[in-house]
Number of protein chains: 2
Amino acid sequence: MISERDRIVAAARGMVEAGGVDALSMRKLAAELDVAHTAIYWHVGSRDELIGAVIDAFLADLGDITPTGRTPRARMESVAREIRRQVVEHRALVALAMEQGRFPGMWFPAQVALAREVSAAGLKGAEAARAVTSLLYLAGAFVMLEAAFEEHAHEAHATVELWRGVEDPRIDRGLKTRMARGFDAASVFEDTLEAVLDWIMAKSEGD
Amino acid sequence: MISERDRIVAAARGMVEAGGVDALSMRKLAAELDVAHTAIYWHVGSRDELIGAVIDAFLADLGDITPTGRTPRARMESVAREIRRQVVEHRALVALAMEQGRFPGMWFPAQVALAREVSAAGLKGAEAARAVTSLLYLAGAFVMLEAAFEEHAHEAHATVELWRGVEDPRIDRGLKTRMARGFDAASVFEDTLEAVLDWIMAKSEGD
DNA sequence: ACCTGAACACCGTTCAAGT
DNA sequence: ACCTGAACACCGTTCAAGT
């Protein structure tokens, strides 16, 4: 049975997904649901509570992370990619959850999934914990940065423009022309992920 | 000569630094400056324009990045650390600049500084560009994630709580107890930075 | 139990009127 | 050239009054 509260939360979530939290107005929400704007308060208490409920619904929907691949390295990689994929798909909601400090619900399942694969790779104790947190931060952090980039893709070309004007003998010319061509976030993620996985595997072999 | 406009921008910047953009209200700002709230519009046009001016002032204040250390690796490391330091010191303003898509002003000087050191390390062309962007993303992304964490430090303990309840034979026990103790962002940054630098140096030696 | 309408305290912005 | 005050269209929230 879907309650009126559920309908309100679903509509609010739609507004957040479409335009970020700032687009969530109690009055517009009420208009969309064809009720007086004050009616909403009977169901959700306040705008902050409503935002909390939207995040709850989102976190509940977040699927489990199931690693794929045969080697521990491939499986760690798949978990990191899966985290990234989930987060990319729900940028607005993830940004909101982060803003609101909802880290446990957001990241704990991913942490556990990573912990299993890192254990399988043979890492233990503090070293294993550092591997887990590095991978977690990597996936989470890159996505937040990317979200900011994508929302302002039109301004990326300004950086490219600036690079065109650089004349510095200490900078490799090939590097300069590359920077002046721009780059895509996904491949930067892949590179950094490879680097961190190399580092982790080196540790696991060192034991 | 400091104009009335400068005074307004400075006061607005103070409000943003203290409480984020949401804390910047034209009416409160006017009250602080002891003028009618409508007077501000003569000098800055609109709230959005004012926010733009606040970011401009911040970016102009951002110091140059001067690498330290003798080996290329140490110098790249120092640049990454310096980016992080600058950003950590001005979390609210950096977050605002990112939100507004002001990437060029925010990151271009850092990119150039990194490009010099990566060139000095012997990397060239596309490979060098990937090294620069990895380091840049790393510093920028981690800081944004950290900013979110720090603002909600009280809730970090909830994750720690969750770890305590985990009973999974596939997860190393030492890893589990480590995760249940929490971790600090700075050392995660250091770890990941080492990993990326290892990866870069391996490439530079491969040539 | 659920909804409405009036009311209050906030916003950003415009504009005629003052000096 | 610079400031004020009234006015408008938006907010979130409370609460008495209705069914």
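Worth saying up front: this structure is predicted, and the values here are computed from it rather than measured.
Among the nucleotides C:dT4, D:dG12, D:dT4, the one closest to the side chain of A:Val35 is C:dT4. If you check C:dA7, D:dT14, C:dT14 against the side chain of A:Arg27, the one that comes closest is C:dA7. Distance from the side chain of A:Trp42 is smallest to C:dC3 among C:dT13, D:dC3, C:dC3. The side chain of A:Ala36 lies closest to C:dT4 when the candidates are C:dT13, C:dT4, C:dC3.
A sub-4.0 Å separation between OP1 or OP2 of D:dC11 and a side-chain N or O of A:Lys28 is present. Taking only side-chain nitrogens and oxygens, B:Ser25 comes nearer than 4.0 Å to OP1 or OP2 of C:dG12.
Taking the charged nitrogens against the carboxylate oxygens, A:Glu17 and A:Arg91 have no contact shorter than 4.0 Å, which rules out a salt bridge. Comment: A:Lys203 does not engage A:Asp198 in a salt bridge, judged by the lack of any side-chain N to carboxylate O separation of less than 4.0 angstrom. One finds no salt bridge joining B:Glu117 and A:Arg170 here, because no Lys/Arg side-chain nitrogen approaches an Asp/Glu carboxylate oxygen to under 4.0 Å. Ionic pairing of A:Glu127 and A:Arg130 is not present here: no N-O contact between side-chain nitrogen and carboxylate oxygen is shorter than 4.0 angstrom. Taking the charged nitrogens against the carboxylate oxygens, B:Arg102 and B:Asp56 do have a contact shorter than 4.0 Å, which makes a salt bridge. With salt bridges taken as basic N to acidic carboxylate O contacts below 4.0 Å, none links A:Arg178 and A:Asp172.
Residue B:Arg47 is classed as a sugar-phosphate contact, given heavy-atom separations below 4.0 Å to backbone atoms only. Across all strands, A:Ile40 comes closer than 4.0 Å to no nucleic acid atom at all (heavy-atom distances). The residue A:Thr38 sits close to a base: some heavy atom pair falls under 4.0 Å. Among the protein residues, B:Leu24 comes within range of the sugar-phosphate backbone only, with heavy atoms under 4.0 Å from sugar or phosphate atoms but none that close to a base. Looking at heavy-atom distances under 4.0 Å, B:His37 makes contact with a base.
In this structure, CG of A:Asp34 is placed 12 Å from P of C:dC3, rounded to the nearest angstrom. When rounded to the nearest whole Å, the span between CD of A:Glu49 and P of D:dT14 equals 11 Å. In this structure, B:His43 atom NE2 and C:dG12 atom P are separated by 17 Å, rounded to whole Å. In this structure, the CE atom of B:Met26 is 6 Å from the P atom of C:dT13, given to the nearest Å. For B:Tyr41 and D:dA7, the OH to P distance is 18 Å, given to the nearest whole Å. Spacing between atom CG of A:Leu29 and atom P of D:dC11 amounts to 11 Å, rounded to whole angstrom units. Separating the CD1 atom of B:Ile51 from the C1' atom of C:dG12 is a distance of 11 Å, rounded to the nearest angstrom.
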query: How does DNA chain D read in dot-bracket, base by base from 5' to 3', with Watson-Crick or G-U pairs under 3.5 Å and | used when the partner is on another strand?
result: ||.|||||...|||||.||
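B:His43 has its side chain out of reach of B:Val9: every pair of non-hydrogen atoms, C-beta onward, lies at least 4.5 Å apart. For the pair B:Val166 and A:Phe108, the minimum side-chain heavy-atom distance is below 4.5 Å.
Both tests pass for B:Arg84 against the ring of B:Phe189: distance under 6.0 Å to the centre and angle within 45° of the axis.
Taking every heavy atom of residues 3-22 of chain B and every atom of DNA chain D, no pair lies under 4.0 Å.
Of the inter-residue distances, the one linking B:Gln86 atom CD with B:Glu82 atom CD reads 5.0 Å to the nearest 0.5 angstrom.
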